[in-house]
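Values below: all heavy atoms of this structure, side chains included; hydrogens, waters and symmetry mates excluded. Numbering of residues begins at 1 and proceeds along the displayed sequence.
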Amino acid sequence: MNYSAQEVKQFVEEEDVKFIRLAMSDVFGTPKNISIMSTELERAFRDGIAADAWAIPGFEDFDRSDIFLHPDPDTLAILPWRPEHGRVVRMFSDITWPDGTPFECDSRRFLSEAVKDAAAKGLTFRFGTEQEFYLFSSEEEDGPGEVPYDSAGYMDIGPFDRGENIRREICMTLEDMGIRPESSHHEEGPGQNEIDFRYCEPVKSADDAMTFRDVVSAIASRNGVRADFSPKPLEGKPGNGMHINFSVSGPGGESLLDPAIAGILRRVREMTIFLNRTPESYKRLGGLMAPGTVTWGRENRSVLIRVPAASGKFKRGELRSPDPLANPYLAYGLMIRAAMEGIEEDLPLPAETCVNLYRTGAAGAAGSEKLPGSLEEAARIAKESGFIRECVPEKMLNAYLDAAEGGGRELL
């Protein structure tokens, strides 16, 4: 929204704002925040607000646990579901050590640095997400527990689709926060929904993806149901994906999508642990409506990277393996790094996959690599990857490797 610090302070004073959430995410993409009173805003902009990071997953460091949060005024947004009297606003924050040096596990900064490096080479990236989620309602006390909110199918309408009013409320709330949803519909699974965003500048897109999860959870709770973003909430039913749409243009505005896709295909196995970070993620991959091989194709929804039917500025790729528990800052940053490799080396695209892999199975993808089949395999590939070790700070990488070694318990 292009706010300055001074404009934020004026807004807070004029709009009866009493509480300010300084938002961030842990290394795994789980939202975290500190809420400060409006009287502390001046200090937040000037010095930052101290936080103890020792108990935050991936941040643990008992002998050096103090960090500082520095609000980004450009990310100011009112939380519409909170009371109008004594309003609550949110700003995303950059994270530093007490001496002002960048905190190496700040994934938002990780993405910002990738964007800056791309811009220095004349490259402009745009991202947008399509996030799926289930809605569950509770049965009576002696019932089977949580059950899907409805039994509707793909793109069904009410009354079969009971989530349409909840999606409407979510979309309107997002618009109030300056986020532009493009479309929404019922997905294939019972109680499963999807809301898509217009793609935009990478850091804002990742901020929007984080905000989306908060909004969905808040609106669902207000309607007496629970939103579930996990990769495989129901056995035998489609999992939740977070399809990432991306485009890249050169200094003259020309599309560089083909070599970018080639670069991502080359590195996708190595970065899978960051796209699919829980053991349950691998129950989804290669199953119903989720890719399992390193493939691409035009308009083909069974491949890893789909190129939808579009031209000009709307030409884009769609990476279909990530799930909604992925940290979007890390996912986007790694995609940019891999795409830049492909562009710099002018990598050619491999042969296009033109068959429905959900029907043909492995035979239709003969000659193509498979995505990792487990969290342990994804961790091993990342650990052995020179690309990952060059791109990802050691502390951040070790957090993922340690969690995977522990069976992924910290990732749930």
Side-chain angles (χ1 to χ4, degrees), residues 20-36 44 48-61 65-72 74-77 79 88-97 102-115 127 129 131 133 174 177 179 197 201-218 227 229-231 240 242 244 271 273-278 281 322-336 391-393 395-400 402-403 408 410-412:
I20 300 163
R21 284 188 184 178
L22 304 185
M24 61 176 183
S25 77
D26 68 20
V27 70
F28 303 116
T30 304
K32 303 289 182 180
N33 78 90
I34 289 179
S35 183
I36 63 173
I49 297 296
D52 190 345
W54 74 268
I56 298 176
F59 287 12
E60 306 98 325
D61 197 342
S65 64
D66 290 339
I67 56 175
F68 277 75
L69 306 185
H70 302 268
D72 179 353
D74 198 35
T75 62
L76 175 71
L79 302 187
V88 181
V89 299
R90 180 231 61 204
M91 286 182 284
F92 285 100
S93 304
D94 296 320
I95 311 173
T96 68
W97 290 110
F103 180 57
E104 57 266 44
C105 284
D106 182 356
S107 54
R108 191 171 187 266
R109 185 185 298 275
F110 175 84
L111 174 56
S112 296
E113 290 176 351
V115 172
F127 286 88
T129 61
Q131 296 197 60
F133 58 94
L174 291 169
M177 299 180 71
I179 299 173
F197 294 90
E201 185 274 327
V203 176
K204 178 175 176 7
S205 177
D207 287 345
D208 290 351
M210 295 293 293
T211 301
F212 175 74
R213 299 171 195 173
D214 286 346
V215 170
V216 171
S217 297
F229 287 95
S230 61
N240 285 324
M242 181 176 73
I244 300 177
M271 58 190 186
I273 192 174
F274 300 100
L275 307 178
N276 306 100
R277 66 178 182 85
T278 70
S281 299
D323 61 62
L325 295 188
N327 184 332
Y329 301 110
L330 290 183
Y332 290 5
L334 286 169
M335 289 173 67
I336 289 174
C391 293
V392 180
K395 184 178 177 70
M396 191 179 288
L397 172 59
N398 287 341
Y400 275 79
D402 291 347
E410 293 183 38
L411 302 178
L412 297 176

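- Between Ile273 and Leu397 there is no side-chain heavy-atom pair separated by less than 4.5 Å.
- Arg90 is not listed as a side-chain neighbour of Val88, based on a closest heavy-atom distance of 4.5 Å or more.
- With a 4.5 Å cut-off on side-chain heavy atoms, Val392 and Tyr400 do not count as touching.
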Should Glu201 and Val115 be marked as a side chain to side chain contact (heavy atoms under 4.5 Å, CB included) after you check the CA-CA gap, both sets of side-chain angles, and the distance that decides it?
CA-CA 9 Å; Glu201 185 274 327; Val115 172; 4.3 Å; yes

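- For the pair Arg109 (side chain) and Pro102 (backbone), a donor-acceptor distance under 3.5 Å is absent.
- Here the CG atom belonging to Leu174 is positioned 5.0 Å from the CD1 atom belonging to Ile179, to the nearest 0.5 angstrom.
- Summarising the geometry of Met91 relative to Ile20, their closest heavy-atom pair is CE-CG2, 3.8 Å, with the distance given to 0.1 Å.
- Of the possible polar contacts, none joining the Arg277 side chain to the Asn327 backbone as a donor-acceptor pair under 3.5 Å is found.
- Panel note: side chain Asp72, backbone Asp94; no donor-acceptor pair is recorded below 3.5 Å.
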Side chain to side chain contact (heavy atoms under 4.5 Å, CB included) between Leu22 and His70: does it pass, once the steps are laid out?
CA-CA 8 Å; Leu22 304 185; His70 302 268; over 6 Å; no

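- Scanning for side-chain hydrogen bond (donor to acceptor under 3.5 Å, both in side chains) contacts around Asn398 gives an empty result, with sequence neighbours left out.
- In this structure, the side-chain contact (heavy atoms from CB on, under 4.5 Å) partners of Ala206, at least two apart in sequence or on a different chain, are Leu111, Pro328, Tyr329, Tyr332.
- Distance check: Asp106 CG to Met24 CE gives 9.0 Å after rounding to the nearest 0.5 Å.
- Arg213 contributes atom CZ, which lies 10.0 Å from atom OG1 of Thr211 (distance to the nearest 0.5 angstrom).
- By the ring-ring contact (aromatic ring centres under 6.0 Å, His included) test, Phe110 pairs with no residue at all, sequence neighbours left out.
- In this structure, Ala53 and Ile67 approach most closely via the heavy-atom pair CB-CD1, 3.7 Å.
- Of the possible polar contacts, none joining the Thr129 side chain to the Ala209 backbone as a donor-acceptor pair under 3.5 Å is found.
- Pro57 is not listed as a side-chain neighbour of Thr30, based on a closest heavy-atom distance of 4.5 Å or more.
- Note that the CZ atom of Phe133 and the CG atom of Asn240 stand 9.0 Å from one another [nearest 0.5 Å].
- Side-chain contact between Asp207 and Arg108 is present, with at least one heavy-atom pair separated by less than 4.5 Å.
- Note that CZ of Arg21 is 11.0 Å distant from CZ of Phe92, once rounded to the nearest 0.5 Å.
- Considering all non-hydrogen atoms of both residues, Ala399 and Gly58 come closest at CB-CA, 3.9 Å.
- Between the side chain of Ser217 and the backbone N or O of Asp214, no donor-acceptor pair lies under 3.5 Å.
- Take Asp323 and apply the salt bridge (charged side-chain N to carboxylate O under 4.0 Å, His left out) test, not counting sequence neighbours, and it matches no residue.
- Every residue two or more places apart in sequence or in another chain that forms a side-chain contact (heavy atoms from CB on, under 4.5 Å) with Ser112 is listed here: Val203.
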Verify side chain to side chain contact (heavy atoms under 4.5 Å, CB included) between Phe212 and Met177, making sure each step is shown before the conclusion.
CA-CA 10 Å; Phe212 175 74; Met177 299 180 71; over 6 Å; no

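- When the salt bridge (charged side-chain N to carboxylate O under 4.0 Å, His left out) test is applied to Asp26, no partner is found at least two apart in sequence or on another chain.
- Leu69 CG to Ile49 CD1: the interatomic distance, rounded to the nearest 0.5 Å, is 8.0 Å.
- The two residues Pro231 and Ser281 make their nearest non-hydrogen contact at CG-OG, 3.6 Å.
- Scanning all heavy atoms of the two residues, the minimum distance from Pro324 to Gln131 falls at CB-OE1, 3.9 Å.
- Residues Met210 and Ser25 approach most closely at CE-CB, 3.5 Å, considering heavy atoms.
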